[in-house]
Amino acid sequence: MNLGRVWVIAVNVFREVIRDRILYLLGVFAIALVSIAALLPEVAAGTELKILLDVGLAAIGLTGLVIAIFVGTGLVNKEIEKRTVYVLIAKPVSKAEFILGKHLGLSAVLAVLVAAMTLIFVAVVSFYRAPFPLASILIAALFQFLELSLMVAVAILFGVFTSSLLAIALTVGIYLMGHFSRDLVSLGNLSQNPVMERITQGLYLLLPDLARLNLKNQAVYGLAALPPASELWANAAYGVLYTALLLAIATVIFSRRQF
């Protein structure tokens with residue numbers, strides 16, 4: 001694998017996505033957050049800071065998720081539909097370099113967006129001049145980025161062998177099931193059916209456990225509510241390894257496609 005070629009592909013993806021006026025979302029996010037912050041004292045006396053923390057972190061995750069799914073599913077699929085993939089295949093670029101470059105390019109865009117939205121969020125919350133868990137918010141934002149990077153890998157995987165619409169639907173399904181994968185195991189245990197228990201445990205192993213990367217609720221209550229550092233490192237490693245596995249599968253499928 002040539003890292004130089006991966007870098008070139010990633011930079012091109014970054015520039016293309018930025019040129020699509022994705023950064024306008026930052027303005028929309030800032031206006032929406034300021035509007036909500038202004039309205040909260042009227043409807044949530046005494047709890048406005050907690051609600052603002054909840055809404056702000058959720059908005060960061062949702063905005064990033066929309067970009068990860070709708071842009072991510074088209075990164076490879078559009079190249080195939082427009083037949084521009086033939087040009088890339090003719091060049092000395094391996095399938096792995098192509099997939100990895102696409103993923104890194106969009107992940108870089110999401111990193112910029114998450115960092116910018118977190119900065120805006122902290123600025124708005126700071127306006128209240130009330131104590132808030134800054135360290136917890138920053139850790140939660142970092143794990144949000146890891147979750148979004150994983151979802152980009154899911155979107156690319158489905159985009160490699162399905163249509164854009166189906167890839168979007170499947171990616172949304174994986175996101176929802178990934179957040180409830182632990183509940184599937186509990187449901188299987190409650191059924192007291194050995195077959196159901198094996199099925200739910202198999203699904204849990206197959207699906208990404210996105211609850212590991214979701215620290216939004218804990219961040220609202222301060223750093224003490226977050227998992228210990230060893231668990232945070234383990235969860236971060238899980239996200240990175242699962243992302244790498246998805247990209248490897250996407251590369252294998254893409255390599256076997258006939259163009």
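Two different hydrophobic clusters hold Val160 and Val252 under the rule that ILVMFWY side chains link at heavy-atom gaps under 4.5 Å. Note on Val28: it does not cluster hydrophobically with Phe121, by side-chain heavy-atom contacts below 4.5 Å among ILVMFWY residues. By the rule that hydrophobic residues join a cluster once side-chain heavy atoms approach within less than 4.5 Å of another member, Leu25 and Val34 end up as members of one cluster.
Ile67 places a side-chain heavy atom less than 4.5 Å from the side chain of Leu106. Proximity of Trp7 to Leu104: side-chain heavy atoms (C-beta onward) are nowhere separated by under 4.5 Å. Using a 4.5 Å heavy-atom cutoff, the side chains of Phe29 and Leu113 are not in contact.
In this structure, CG on Leu57 lies 11.0 Å from CE on Met117, to the nearest 0.5 angstrom. Taking CG of Leu65 as the reference point, atom CG of Leu110 lies at 9.5 Å (rounded to 0.5 Å). Between Ile156 atom CD1 and Ile249 atom CD1 the span is 13.0 Å, to the nearest 0.5 Å. Atom CZ of Phe145 sits about 8.0 Å away from atom CG of Leu148, to the nearest 0.5 Å. Taking CG from Leu150 and CG from Leu246, the interatomic distance works out to 5.5 Å, rounded to the nearest 0.5 Å. Atom CZ in Phe254 sits 10.5 Å away from atom OG in Ser94 (nearest 0.5 Å).
Side-chain atoms of Glu16 do not come within 3.5 Å of backbone N or O of Val13 as any donor-acceptor pair. The backbone N or O of Phe98 sits nowhere less than 3.5 Å from a side-chain atom of His103 that would complete a donor-acceptor pair.
When all heavy atoms are compared, the tightest approach of Ala141 to Val114 is O-CG1, 3.7 Å.
Pairs of residues two or more places apart, or lying in two chains, that qualify as ring pair (Phe, Tyr, Trp, His ring centres under 6.0 Å) and include a residue from residues 160-179 are Tyr175-His179.
When the options Leu176, Thr162, Leu157, Val154 are evaluated for a side-chain contact (heavy atoms from CB on, under 4.5 Å) with Thr171, the one that passes is Val154.
Remark: Phe70 pairs with Val66, Ile168 by the side-chain contact (heavy atoms from CB on, under 4.5 Å) rule, at least two apart or across chains.
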For residues 207-215, run the donor-acceptor check on the side chains, cut-off 3.5 Å, and write out each pair with its distance to 0.1 Å, sequence neighbours left out.
from   : atom 1 : to     : atom 2 : distance (Å)
Asp209 : OD1    : Arg182 : NE     : 3.3
Asp209 : OD1    : Ala211 : N      : 3.4
Asp209 : OD2    : Arg182 : NE     : 2.9
Asp209 : OD2    : Arg182 : NH2    : 3.1
Asp209 : OD2    : Tyr204 : OH     : 2.9
Arg212 : NH1    : Asn235 : OD1    : 3.3
Asn214 : OD1    : Lys216 : N      : 3.3
Asn214 : OD1    : Lys216 : NZ     : 3.0

